[in-house]
Amino acid sequence: MRRYTSGMLRVDHLSKSLPQGRRLFENVDLRLGTGECVAILGESGAGKSTLLNLIAGLDHADAGTIDIDGVRLTGLPERERTQLRRYKIGFVFQAFHLLPHLTLEENVALTLILTQHKTHDARQAARKALDEVGLGDRTRDYPRQISGGEMQRVAIARALAHHPVLLLADEPTGNLDAGNAARVLQLMQSLMHTHGTATVLVTHSATTAAIADRRLRLTEGGLVSP
Ligand SMILES: Nc1ncnc2c1ncn2[C@@H]1O[C@H](COP(=O)(O)OP(=O)(O)OP(=O)(O)O)[C@@H](O)[C@H]1O
Ligand SMILES: [Mg+2]
């Protein structure tokens, strides 16, 4: 497989149209080095979540290429794309996506079990990740028993538990009050620094965007300075 020395994420000339044919964006270029954080801003409907889904290999682009840690994602068979996603990427979804019938510990451990960790080790690592986000005493709770801010922290623990090289975070502070947002941001920053995770941070909030090394705006013609 092709490897690049420069950059954890490399997106070239990416374009995407909607099923009805409307062009969402074209010519999206993005380079991200190890441990680097870029914030992506843009109007609602601009295609920010779609762009993250493309980078995660959950959706297909019409044109362009995506390389993650030197591996060309675009064109990889489904199975290999899933493997790449499981091992290399952490995703904090706009709507948490916690599984309601699993405890917090099981929600976090699931990602690790999918990456071939033994159940016992996965549970131990899940507890450690939950502890890192300040929820070490809530591991046996279910998602319905915790607040929105706490769910957001579980989502971050789950995204980072397997130490991905690339974190994709979609509005990680959306729906949080100022205090909880600040807490989640501080947490993400400290985890990014501890683990050297490269991060693409999608947000509407200027305060959230301020933690990034660079800020870009997604437009129909590509990523531009805000
Ligand atoms: N599966 C789909 N089928 C048809 N249209 C879709 C689909 N997914 C997204 N869209 C449309 O694509 C556009 C971009 O959606 P996307 O969720 O990427 O925007 P966004 O920039 O993340 O917006 P927001 O800031 O509100 O989260 C929207 O107009 C949306 O309605
Ligand atoms: Mg979105």
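Note that the numbering runs from 1 along the sequence shown for the chain. From a predicted model like this one, the values you see are computed outputs, not experimental measurements. Whatever order the structure lists ligands and atoms in, that order sets their numbers, starting from 1.
Nearest non-hydrogen protein atom to atom 7 (C) of ligand 1 is Leu18 CD2, 4.5 Å. Annotation: atom 26 (O) of ligand 1 to nearest protein heavy atom, Ser44 OG, 2.6 Å. Among protein heavy atoms, atom 23 (O) of ligand 1 sits closest to Gly45 N, 2.9 Å. Distance from atom 15 (O) of ligand 1 to its nearest protein heavy atom, with residue and atom name: Thr50 OG1, 3.8 Å.
Applying the 4.0 Å criterion to heavy atoms of Arg22 picks out, from ligand 1, the atoms 29 (O). For ligand 1, the atoms closer than 4.0 angstrom to any heavy atom of Glu43 are 21 (O). Residue contact check: Gly47 has heavy atoms under 4.0 Å from atoms 14 (C), 16 (P), 18 (O), 19 (O), 20 (P), 21 (O) of ligand 1.
Between Lys48 and ligand 1, at least one pair of N/O atoms sits closer than 3.5 Å.
Under a 3.5 Å cut-off, the side chain of Thr208 and the backbone N or O of His204 do not form any donor-acceptor pair.
Distance check on atom 30 (C) of ligand 1: every protein heavy atom falls at or beyond the 4.0 Å cut-off.
Contacts between Leu24 and ligand 1, counted as non-hydrogen atom pairs separated by less than 4.0 Å, involve the side chain only.
Aromatic ring pairs are classed by plane angle as parallel below 30°, tilted from 30° to 60° and perpendicular above 60°; the pair Phe93 and His97 is perpendicular.
At least one N, O or S atom of Ser49 sits under 2.8 Å from the Mg ion (ligand 2).
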